[in-house]
Trainee: 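Provided herewith is a single structure, encoded as structure tokens, for subsequent inquiry.
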Protein chains: 2
Amino acid sequence: MDKMRENKDLSFDFDFLDNLVVGIGEVAQITSIPTRQIRYWEDKGIITSLTEEEGKNRRYDYKNIKKMLLIKELLDEGYTLDASAEKVKKRMEIIEETLNKLKKGSR
Amino acid sequence: MDKMRENKDLSFDFDFLDNLVVGIGEVAQITSIPTRQIRYWEDKGIITSLTEEEGKNRRYDYKNIKKMLLIKELLDEGYTLDASAEKVKKRMEIIEETLNKLKKGSR
DNA sequence: ATCCATTTTGTAAATTATTTACAATGATTG
DNA sequence: CAATCATTGTAAATAATTTACAAAATGGAT
């Protein structure tokens, strides 16, 4: 197995991140943000989940998990929730751009 | 926001993958492998989950999800389950090596 | 075809985890 | 202190998972 294969497998595993969905419990585990807080942020419209129907369990994609992590950082720095959310918007745009570039590059 | 930041954020988001844990339902959704089949593979010892205690829900890390995807490919190619598992071992070693390299590189 | 091991799939009962909604508790600022 | 913001608590209902036992497919060997 050579560098080419290794590269294909891992070097930015975009395909993987693109298909990723994670439940709220695991997001809490990953981010150390309590489920209760995640739901609150979602109620406020700061993040969005991929819930198929009312009552079904929430699913979060890479983008939103990333967003939570960034917001958490800013909160720790002392920003308010709204200010953090606003600040994160710009970085999210860049992240999305990058993801789209990689998406195109991978086919 | 510049290329440096973009790079830091995304270009192989190793930190993210390193902390990732996913429940069996979402793994099924991601990989298109039925939960029942995932449990069977685990019973056989082909994959492993990070279950804290008996009875608690299974959690899978990036490595094992990756493994399932590789095994699934080989099954589709006609290999038996055991043969697939054996064949995947080698590629998993490479993946782990790469992850370890990135781990060291990221600190 | 039959046997045999492998692999997948089904299901029920018990358990774990999540949802929703209502509310209470801190924290911060004017 | 009042008022808004942000977090946290909780109970009842629902969704999802676990475990264990079992039944089908599948495929190869004799």
Side-chain angles (χ1 to χ4, degrees), chain A residues 19-62 64-65 67-89 92, chain B residues 19-62 64-65 67-89 92:
Chain A
N19 292 323
L20 188 66
V21 285
V22 184
I24 194 170
E26 293 95 54
V27 173
Q29 201 174 329
I30 295 165
T31 63
S32 301
I33 302 169
T35 61
R36 197 65 188 73
Q37 196 167 10
I38 294 172
R39 288 193 200 97
Y40 173 69
W41 292 1
E42 186 171 347
D43 285 344
K44 281 207 59 174
I46 291 174
I47 53 173
T48 54
S49 69
L50 317 161
T51 316
E52 299 165 5
E53 301 171 58
E54 168 113 357
K56 300 282 186 182
N57 289 10
R58 291 166 171 82
R59 294 285 149 94
Y60 297 97
D61 58 11
Y62 173 69
N64 276 279
I65 301 173
K67 197 169 182 178
M68 295 183 222
L69 287 167
L70 294 174
I71 288 176
K72 192 192 169 196
E73 276 183 30
L74 293 178
L75 283 180
D76 287 344
E77 285 179 25
Y79 289 96
T80 66
L81 183 54
D82 285 337
S84 300
E86 185 58 35
K87 225 166 151 48
V88 155
K89 263 189 191 170
M92 288 313 297
Chain B
N19 291 321
L20 188 67
V21 286
V22 185
I24 195 171
E26 292 95 55
V27 173
Q29 199 175 331
I30 294 166
T31 62
S32 301
I33 302 169
T35 60
R36 197 65 188 71
Q37 197 167 8
I38 294 172
R39 288 194 200 96
Y40 174 67
W41 291 2
E42 185 171 345
D43 286 343
K44 281 206 61 176
I46 291 174
I47 53 173
T48 54
S49 68
L50 317 161
T51 316
E52 299 164 3
E53 301 171 56
E54 170 114 354
K56 299 284 184 182
N57 290 8
R58 290 167 172 81
R59 295 283 148 97
Y60 297 97
D61 59 11
Y62 174 70
N64 276 279
I65 301 172
K67 198 168 181 179
M68 295 184 221
L69 286 168
L70 293 174
I71 288 176
K72 193 193 169 195
E73 276 183 31
L74 293 177
L75 283 179
D76 288 343
E77 286 179 26
Y79 289 97
T80 66
L81 182 56
D82 286 336
S84 301
E86 185 57 36
K87 223 167 150 50
V88 155
K89 263 189 191 170
M92 288 312 298

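Numbers restart at 1 for each chain; the letters A, B, ... are given by sequence-line order, proteins then strands.
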Trainee: What is the distance from CD1 of B:I71 to P of C:dT8, rounded to the nearest Å?
Mentor: 10 Å
Trainee: Please determine if A:E42 and A:R39 form a salt bridge, counting it only when a charged side-chain N lies under 4.0 Å from a carboxylate O.
Mentor: no
Trainee: Rounding to an integer number of Å, can you tell me how far B:D82 CG sits from C:dA5 C1'?
Mentor: 11 Å
Trainee: Closest approach of B:N19 and A:I30, non-hydrogen atoms and distance?
Mentor: O-CG1, 3.7 Å
Trainee: Short of 4.0 Å, heavy atom to strand atom, which residues of residues 29-46 of chain A count as contacting DNA chain C?
Mentor: A:R36, A:R39
Trainee: Both B:K56 and A:T51 contact DNA chain C. Which one's nearest nucleotide lies toward the 5' end?
Mentor: B:K56
Trainee: I'd like to check B:K44 versus B:D82 (side-chain heavy atoms, cut-off strictly below 4.5 Å). Are they in contact?
Mentor: yes
Trainee: Expressed in angstrom and rounded to an integer, what is the separation of A:E53 atom CD from C:dT18 atom P?
Mentor: 19 Å
Trainee: Would you mind reading off the distance between B:I24 atom CD1 and C:dT9 atom C1', rounded to a whole angstrom?
Mentor: 14 Å
Trainee: Using modelled atom types and a 3.5 Å cut-off, is there a donor and acceptor pairing between side-chain atoms of A:K87 and backbone atoms of A:L74?
Mentor: no
Trainee: How do A:G55 and A:L75 order along DNA chain D: which one's closest nucleotide is nearer the 5' end?
Mentor: A:L75
Trainee: Whole Å only: how far is the CD atom of B:E26 from the C1' atom of C:dT18?
Mentor: 11 Å
Trainee: Taking the side chain as C-beta and beyond, is there a heavy-atom pair between B:L81 and B:I71 under 4.5 Å?
Mentor: yes
Trainee: To the nearest Å, how far apart are B:N57 CG and D:dT17 C1'?
Mentor: 5 Å
Trainee: Is there side-chain contact between B:T48 and B:N64, with heavy atoms separated by less than 4.5 Å?
Mentor: yes
Trainee: Provide, to the nearest angstrom, the distance between the CD atom belonging to A:E54 and the P atom belonging to D:dA13.
Mentor: 17 Å
Trainee: Want to settle it: does B:R58 or A:L81 sit nearer the 5' end of DNA chain D, counting the closest nucleotide to each?
Mentor: A:L81
